[in-house]
Amino acid sequence: MACVAALATTAINAAEKLISFEQLPKQAQEFSNKYFAPNNPLYRISYIMYDSELFDSSYMIVYANGDGLEFNGNGEWKDFDCRQCVVPA
């Protein structure tokens, strides 16, 4: 039983991978560029993570200031983690 749990955990972790901005769905790219100006040093992208689970997938952009944007598998905005700012309008 412990072996099965270890394999399942490994499979779940293996589903996360770093990707480039160009690999994001177009809708997610447009949202990020519109509300989080690429030339603003606060919103310089630190990394982008793609997470593929059994029945769902998502994308997470993490900016240099620690803020993060989450999108579903289609590139639709899901969540924003704003640590030290006001959410752009």
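Everything numeric here is computed off the predicted structure, so don't read it as measured data.
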Measure centre to centre between the rings of Trp77 and Phe31, then say whether the value is under 6.0 Å. yes
Would you find a donor on one side and an acceptor on the other, under 3.5 Å apart, between the side chain of Glu30 and the backbone of Gln27? no
Say you draw a straight line from OG of Ser52 to CD of Glu16; how long is it, rounded to the nearest 0.5 Å? 10.0 Å
Are the side chains of Leu18 and Met49 in contact, using a 4.5 Å heavy-atom criterion? yes
Validation row: Cys82, Tyr63 side chains within 4.5 angstrom (heavy atoms): no
Shared hydrophobic cluster, Leu69 / Tyr47 (ILVMFWY, side-chain heavy atoms < 4.5 Å): no
Does any part of the side chain of Phe71, heavy atoms only, come nearer than 4.5 Å to the side chain of Ile61, both counted from C-beta? yes
Does the Gln29 side chain pair with the main chain of Phe21, one donor and one acceptor, at a distance under 3.5 Å? yes
Of all the heavy-atom pairs spanning Ser58 and Lys78, show the shortest one and how long it is. CB-NZ, 4.4 Å
Applying side-chain hydrogen bond (donor to acceptor under 3.5 Å, both in side chains), name anything that partners Asn72, two or more places apart in sequence or on another chain. Glu76
Asp81 meets the salt bridge (charged side-chain N to carboxylate O under 4.0 Å, His left out) criterion, sequence neighbours left out, with Arg83
Heavy atoms only: give me the nearest Pro41-Ala64 pair and the separation to one decimal. O-CB, 4.4 Å
A side-chain contact here means heavy atoms from C-beta on lying under 4.5 Å apart; do Ser57 and Tyr50 qualify? yes
Assess the pair Phe36 and Tyr43: is the distance between their ring centroids shorter than 6.0 Å? yes
Is there a side-chain contact between Leu24 and Ile48 (heavy atoms, below 4.5 Å)? yes
Heavy-atom distance under 4.5 Å between the side chains of Pro25 and Tyr59, does that happen here? yes
